[in-house]
Amino acid sequence: MNFKVKDHYYKKAKEESYLARSIYKLDEINVKYAIIKTNDFVIDFGYYPGSWVQYCAKIVGDEGMIVGVDIQEINTKLKNLQNVLLLKKDIDQLNTIADLCTENTKININCANKFDVVLSDMAPKTTGIKMVDQENSLNLVRKVFDLLPIFLKVKGNIAIKIFEGGDGQNFLKEQKCKFEDFNYLRPKSTRSCSKEIFAIGKGYKGSKV
Ligand SMILES: C[S@@+](CC[C@H](N)C(=O)[O-])C[C@H]1O[C@@H](n2cnc3c(N)ncnc32)[C@H](O)[C@@H]1O
């Protein structure tokens, strides 16, 4: 069953020229919760190889923009996409929007503008030790939530991947009240062996930095 699911979404992504099967997770999230819309300014943490960037570029259109951040080398396969800015950075290096503006990039970011949508599909390198992997994943999630007051507009939306287990659920429960609407989704395209779920928040209430 697991391999059938993998084959189906893997092949579908290839046929549709997407860089990863993860596209179908974001598509399911967006069809159900409508978190990304035309003209949005989106930041995608852990964008590489870039299927979410490809997907968002189609939705946000010419007036929108996508910033992708990853520790991997910039993926040149995305170079023809308009209004996409890719940065090779560790999320731990980011503290302000100005930290996105320091590189020699083809698009200037208005450092005064917060994002309409914050996405994170970040996954740490796995060690095989369950508790260590859960904690490393949760640290990435914590960092994304720490950045929200600085990066996300009031009324903005999020979709953030987290691995089930450990302190993750408790941490997310504490974040719920920061949004008008907060849900969890395990997309159909998730491999059956994976522990990942997505936290989807709509209508960020904002918070003092
Ligand atoms: C599952 S992949 C993302 C797939 C992507 N959503 C797509 O559609 O192609 C997870 C990514 O998270 C990145 N990542 C892990 N730790 C990170 C960190 N500290 N800062 C930025 N990116 C990180 C990894 O390098 C990896 O490329």
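Every number for a ligand or one of its atoms is a count from 1 in the order of the listing.
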*Asks:* Looking at atom 4 (C) of ligand 1, what's its closest protein heavy atom, distance included?
*Replies:* Tyr48 O, 3.1 Å

*Asks:* Checking the N or O distance criterion of under 3.5 Å, is ligand 1 in contact with Asp90?
*Replies:*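 Asp90 vs ligand 1: N/O contact under 3.5 Å present.
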
*Asks:* Against heavy atoms of Pro49, which atoms of ligand 1 measure under 4.0 Å?
*Replies:*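 Once the distances to Pro49 are compared, the set is 9 (O).
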
*Asks:* Name the closest protein heavy atom to atom 15 (C) of ligand 1, giving the residue it belongs to and the distance to 0.1 Å.
*Replies:* Ala123 O, 3.2 Å

*Asks:* Among Met122, Gln72, Glu73, which one puts a heavy atom closest to atom 17 (C) of ligand 1?
*Replies:*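 Heavy atom nearest to atom 17 (C) of ligand 1 belongs to Met122.
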
*Asks:* Evaluate the salt bridge (Lys or Arg N to Asp or Glu O under 4.0 Å) criterion for residues Glu180 and Lys202: first the C-alpha distance (whole Å), next the side-chain angles of each, then the deciding distance (0.1 Å), finally the verdict.
*Replies:* CA-CA 6 Å; Glu180 287 163 11; Lys202 287 193 76 175; over 6 Å; no

*Asks:* Of the backbone atoms (N, CA, C, O) and the side-chain heavy atoms from C-beta on, which set of Lys89 has a member under 4.0 Å from an atom of ligand 1: side chain, backbone, both, or neither?
*Replies:* backbone

*Asks:* Do the non-hydrogen side-chain atoms of Val42 and Ile59 ever get within less than 4.5 Å of each other?
*Replies:*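 Val42 vs Ile59: side chains apart.
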
*Asks:* For Gln54, state whether at least one heavy atom is located under 4.0 Å from any atom of ligand 1.
*Replies:* no

*Asks:* Does the side chain to side chain contact (heavy atoms under 4.5 Å, CB included) test come out yes or no for Phe145 and Ile160, once each step is laid out?
*Replies:* CA-CA 9 Å; Phe145 276 94; Ile160 296 174; 3.7 Å; yes

*Asks:* Does any part of the side chain of Ile97, heavy atoms only, come nearer than 4.5 Å to the side chain of Asn113, both counted from C-beta?
*Replies:*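 Counting from C-beta outward, Asn113 and Ile97 never come under 4.5 Å.
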
*Asks:* With the side chain counted from C-beta on, respond yes when Tyr55 and Asp44 share a heavy-atom pair under 4.5 Å apart, and no when they do not.
*Replies:* no

*Asks:* Please list, in number order, the atoms of ligand 1 under 4.0 Å from a heavy atom of Tyr47.
*Replies:* 5 (C), 7 (C), 9 (O)

*Asks:* Got the closest protein heavy atom to atom 10 (C) of ligand 1, with its distance?
*Replies:* Asp121 O, 3.3 Å

*Asks:* Is a donor from one side chain sitting under 3.5 angstrom from an acceptor on the other, for Gln169 and Tyr184?
*Replies:*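 No donor-acceptor contact under 3.5 Å links the two side chains.
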
*Asks:* Geometry only, no angles: is Asp70 polar-contacting ligand 1 at N/O separations under 3.5 Å?
*Replies:*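 Indeed, backbone or side chain, Asp70 has an N or O that close.
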
*Asks:* Less than 4.5 Å apart, any side-chain heavy atom of Asp121 and any of Leu26?
*Replies:* no

*Asks:* Applying a heavy-atom cut-off of 4.0 Å, say which part of Phe45 lies close to ligand 1: side chain, backbone, both or neither.
*Replies:*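 The answer is neither; Phe45 stays 4.0 Å or more away.
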
*Asks:* Hey, does Ile91 come in under 3.5 Å of ligand 1, counting only N/O atoms on both sides?
*Replies:*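 So ligand 1 has an N or O lying under 3.5 Å from an N or O of Ile91.
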
*Asks:* Select one of side chain, backbone, both or neither to describe which atoms of Asp92 lie under 4.0 Å from any atom of ligand 1, heavy atoms only.
*Replies:* neither

*Asks:* Please tell me if the side chains of Glu28 and Leu185 come closer than 4.5 Å, counting only heavy atoms from C-beta onward.
*Replies:* yes

*Asks:* Taking the side chain from Asn157 and the backbone from Ile35, do they hold a donor-acceptor pair closer than 3.5 Å?
*Replies:*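 Checked: pair present.
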
*Asks:* Within the supplied structure, the quantity of interest is the number of heavy atoms (other residues, nucleotides, ligands) at a distance under 6.0 Å from Lys153 NZ; does it exceed 12?
*Replies:* yes

*Asks:* Could you list the atoms of ligand 1 found under 4.0 angstrom from a heavy atom of Gly50?
*Replies:*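 Answer, ordered by atom number: 7 (C), 9 (O).
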
*Asks:* Which of these, Ala20, Cys56, Ser51, Pro124, has its nearest heavy atom closest to atom 8 (O) of ligand 1?
*Replies:* Ser51

